[in-house]
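Here the structure is laid out as structure tokens; the discussion comes afterwards.
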Amino acid sequence: MPELPEVEVTRQSFADRIRGARVEAVRLGKPLRWPLGCEPDSLRAQVVGEVARRGKYLWLEVERGGLLMHLGMSGSLAFSSAPALPGPHNHFDLVTTHGTLRLTDPRRFGEAFLIDDADLPLRFSRLGVEPLSEDFTPEELGRVAAGRTAPLKSFLLDQSAIAGVGNIYADEALYRARLHPLSPAGSMKPEHWLALRDGIVAALEAAIDAGGSSIDDYRDGRGEKGSMQERFLVHTREGEPCPSGEGEVVRIVVAGRSTYFCPGCQVRLRRKPRRRRPARRAK
DNA sequence: AGGTCGGCCTGGCAGC
DNA sequence: TGCTGCCAGGCCGACC
């Protein structure tokens with residue numbers, strides 16, 4: 001499942017190689033979530049600029065705007081100079097003078113569409129704070145979580161709160177922060193904001209260092225697998241001992257998502273009491 | 001407005 | 001062996 005680390009590793013694996021390339025053709029396979037948004041031929045002869053990332057989105061700069069791409073659940077991007085003939089799951093090829101960028105996505109939850117520069121701020125304004133940016137402070141996390149009654153696990157999956165965290169790294173971040181996934185997000189105190197901020201950053205950075213997680217068939221732009229799945233602390237480790245040495249990892253379902261955690265060391269916070277009425281005088 | 005749920009999609013797997 | 005049915009999950013839109 002491509003989350004922020006996988007998208008970032010993918011970006012790094014081809015950004016330098018595609019920069020400055022000229023588009024020669026666009027080939028479409030089966031329809032993805034959204035239509036391309038332009039005639040494929042209209043991209044021809046445009047020069048590719050920077051490849052940026054926001055949350056789980058990749059943004060390929062072209063002359064008339066940008067190509068916004070999302071890997072959905074099962075998507076991967078490959079950039080190569082001699083791609084094989086398109087297979088049944090290759091739904092988008094960007095053929096350039098430097099090579100072909102190919103989106104492979106069996107489940108077709110991915111996206112690739114052209115967007116005007118003018119529309120980009122609006123599009124990205126729906127996304128929450130970027131967790132690997134300087135803006136992601138404990139105070140910012142606290143501000144975003146304030147008043148929320150949803151469980152921390154649901155909160156972390158909400159892209160309008162924090163952009164880029166998905167099911168895997170939500171579990172890993174909550175374990176690192178020693179916070180129970182069912183704790184109401186708004187019940188955190190400042191020390192929890194700090195622990196969770198640090199947990200999210202550490203989980204994402206460790207995954208980027210490991211080349212991402214390849215649970216099913218994730219590959220980066222060079223076709224390399226990641227190894228983070230071998231280093232998960234709790235995710236998919238139901239029944240295994242907690243890495244801290246005590247207790248056992250359990251699996252529950254939160255917001256329809258498999259959620260792995262250690263009940264022994266992840267503290268369940270209680271809902272903040274509503275503002276109390278003035279204490280009654282003792283009789 | 002926050003929260004929840006169903007739909008999208010298909011490979012893989014359990015159960016018969 | 002082959003069929004059925006369920007599950008995984010990111011995101012969107014509908015609804016409460």
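Each chain gets a letter, A, B and so on, in the order the sequences are listed, and its residues count up from 1.
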Side chain to side chain contact (heavy atoms under 4.5 Å, CB included) partners for [X], two or more places apart:
X	value
A/V51	A/R11, A/F14, A/A15, A/I18, A/L58, A/L60
A/A150	A/S154
A/A170	A/K153, A/L156, A/L157, A/V165

For this session: Spell out protein contact along nucleotides 8-15 of chain C as letters: B when the base is contacted, S when just the sugar-phosphate is, - when no protein heavy atom is under 4.0 Å; keep the 5' to 3' order.
Result: BBBBSS--
Exercise. With sequence neighbours left out, which residue pairs that include part of residues 195-210 of chain A fulfil the salt bridge (Lys or Arg N to Asp or Glu O under 4.0 Å) condition?
Worked result: none
Problem set entry | Residue pairs passing the salt bridge (Lys or Arg N to Asp or Glu O under 4.0 Å) test where at least one lies in residues 69-89 of chain A, sequence neighbours excluded | none
For this session: Estimate the overall bend of the helix from B/dG2-C/dC16 to B/dC16-C/dG2 from the end axes over five pairs each, rounded to 10 degrees.
Result: 50°
Would you tabulate the side-chain donor-acceptor contacts of residues 82-95 of chain A under 3.5 Å, counting partners in other chains and residues two or more places apart, or write 'none'?
unit_1	atom_1	unit_2	atom_2	d
A/N90	OD1	A/G87	N	2.5
A/N90	ND2	A/T104	OG1	2.7
A/H91	ND1	A/K30	N	3.4
A/H91	NE2	A/H89	O	3.4
A/H91	NE2	A/D105	O	3.0
A/D93	OD1	A/R102	NE	2.8
A/D93	OD2	A/R27	NE	3.3
A/D93	OD2	A/R102	NE	3.4
A/D93	OD2	A/R102	NH2	2.9

Under the ring pair (Phe, Tyr, Trp, His ring centres under 6.0 Å) test, which residues partner [X], sequence neighbours left out?
X	answer
A/F261	A/H180
A/Y260	A/H235
A/Y57	A/H70

Exercise. Where does the chain A footprint on DNA chain B start and end, counting 5' to 3' with a 4.0 Å heavy-atom cut-off?
Worked result: B/dG3 to B/dG11
For this session: Taking A/S13 for its side chain and A/G221 for its backbone only, find out whether a donor-acceptor pair lies under 3.5 Å.
Result: yes
